[in-house]
2 protein chains.
Amino acid sequence: MADTALATHRSRLLETRCQTCSLSSLCLPLALELDDIDRFDAIVRRRAPLKKGEALVRQHAPFSNVFAVRSGSLKQVSSESGGDDQLTNFYLPSELVGLDGIDEERYPGNIIALETTTVCEIPFDRLDALSERIPGLRTQLFRSMSKEIRDDRQMLRLLSRKTADERLASFLSSLSARFRRRGYSAYSFRLSMSRADIGNYLGLAVETVSRILGRFQEQQLVAVSGREVNILDLEALEALSEGEVHG
Amino acid sequence: MADTALATHRSRLLETRCQTCSLSSLCLPLALELDDIDRFDAIVRRRAPLKKGEALVRQHAPFSNVFAVRSGSLKQVSSESGGDDQLTNFYLPSELVGLDGIDEERYPGNIIALETTTVCEIPFDRLDALSERIPGLRTQLFRSMSKEIRDDRQMLRLLSRKTADERLASFLSSLSARFRRRGYSAYSFRLSMSRADIGNYLGLAVETVSRILGRFQEQQLVAVSGREVNILDLEALEALSEGEVHG
DNA sequence: CGAGTTATTGACAATGCTCAAAGTACGTGG
DNA sequence: CCACGTACTTTGAGCATTGTCAATAACTCG
């Protein structure tokens, strides 16, 4: 009995250690030595899964942790006075959440689970301290932030120059690439976000999202059924997303 | 003779040291002890001024330095295949340029001087190493990057939700605030960027920028003459930029 | 199974873009 | 210092893309 409990306990610990985590090659400790991974592991806190719709952090709450997504997905929504929300990001497994709160020491948006989602909680002050002793960790942190800036700049381009069709095509091919990178199918996946979320993120009305998805289907680019997506012609989508005309 | 040369040399050194720099309260070493400022100072390289239109860095060039603007201003322009450029940022004195190149080890855009501009060049590997020994410097670096992410998210909101009028109003009041923070007039300044640059940045056609600036003038919000701007009603501009209707 | 949310579809309107042309500022060289 | 060429800015007219409003259809989950 005690043996079984212990075994269960140990296996639970094991499955929640960075070294055995399937995301280790994508996540923050990706470049670390074994010893360093252990040190990093020691400051990480595992959390109970979030249910769909639950908030991981609330806008304006004091900043103290960053989070790495283990499974599921989240959205970040910033509300301004006037009730118009802006969805600024979707987060998938291995991605780091909360880095935009460092500066003002508050989280700049609500982070909401789109489905059942588990995250690792990483106290930022300890991460910062550890990054002093582990240069590789510091590098990785700088890289994550730098990448986030670059991604946002891509998004600026999307919002300022792309047509509605190009935006949807970008969105789908980018999701496809992100899933592929994580070992999932690049051609067949389920959207965890609503059409309204997609529209909000892409700067389009829900109706436009719906219409264009319909059109893509007619054009045999994708097969969409509710939130289930099958990509039929990834190349064409990618071309479209870069503004190349299609026949 | 030798004395004079030495004196000149020393004074030139003095005027280009962080401790005597008028931007020290806004720039990277803002929170450091005197000793640490000296250590930071030692890795900073001063550069000959850039002339208007000159490139500080070219897109895709290998990343090695970040830069702090000392005087003047710059724009960042990313070109994608297909010749459509996206202007992603304007940089004013004390701001840090190049942080978005860390991740890919290439600069993601051309950085072009909008007028005669001087910058401090900071080798990133040395900055990184120094940030190991000076926690306050590391904190400041994280903050700068975090702020850049937050600013970009604000920009996403602007591009995805704001009307052309709101965008221009945001642009002007944001510039006003940035000048004020740097000790310049918040009400009277000269735009170093062209209407085309503004339009590109805000996701608008040049013609729209011109028309709306004209309308703002009719409405007595600003007085614009070429690139010279006088803000007549900052409150109204700020209200407008948040989408509040105006009479 | 039914209430509420989410998605689709249609008709119409508006904001901002494109194209075109003229006017103005700028800077370079004579 | 002025003249000229170039680049930048303004203004007008028509139009396209996408948003808004409205109604219906399809899920989702107690």
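Owing to the predicted nature of the structure, the values given are computational and were not obtained by experimental measurement. Naming convention: chains lettered A, B, ... in sequence-line order (proteins, then strands); numbering from 1 in each chain.
- Across all strands shown, B:G53 has no heavy atoms under 4.0 Å from either base or sugar-phosphate atoms.
- Checked against a 6.0 Å centroid threshold, the rings of B:Y184 and B:F189 do not count as neighbours.
- Of the candidates D:dT10, D:dT18, C:dC17, the closest approach to any side-chain atom of B:R195 belongs to D:dT10.
- Of the candidate nucleotides D:dC29, D:dG19, C:dT18, D:dC29 has the atom nearest to the side chain of A:K52.
- Among the protein residues, A:S210 comes within range of the nucleic acid bases, having at least one heavy atom under 4.0 Å from a base atom.
- For the 3.5 Å distance criterion, the side chains of B:Q59 and B:R106 fail to qualify, holding no donor opposite an acceptor.
- Both B:G226 and B:E207 lie near DNA chain C, and the one whose nearest nucleotide falls closer to the 5' end is B:E207.
- Within the structure, every side-chain polar atom (N or O) of A:R227 is placed at least 4.0 Å from both OP1 and OP2 of D:dC27.
- Distances shorter than 4.0 Å separate none of the side-chain N or O atoms of B:T208 from OP1 or OP2 on C:dG16.
- Within 4.0 Å of A:G203, counting heavy atoms only, lie sugar-phosphate atoms of the nucleic acid but no base atom.
- Note on B:R211: every side-chain N or O is 4.0 Å or more away from OP1 and OP2 of D:dG12.
- Closest approach of A:R182 and A:P93 over heavy atoms only: NE-O, 2.5 Å.
- Note: CD1 (B:I212) to C1' (D:dT10) measures 14 Å, nearest angstrom.
- In this structure, B:R167 reaches neither bases nor backbone, as no heavy-atom distance under 4.0 Å exists between it and the strands shown.
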For the pair A:R161 and B:D84, evaluate salt bridge (charged side-chain N to carboxylate O under 4.0 Å, His left out) and give the outcome as yes or no after the intermediate values.
CA-CA 8 Å; A:R161 311 218 90 76; B:D84 84 327; 3.7 Å; yes
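- B:L213 comes within 4.0 angstrom of no nucleic acid atom, judged by non-hydrogen atoms across all strands.
- Atom CG of A:L204 is separated from atom C1' of C:dA7 by 16 Å (rounded to the nearest Å).
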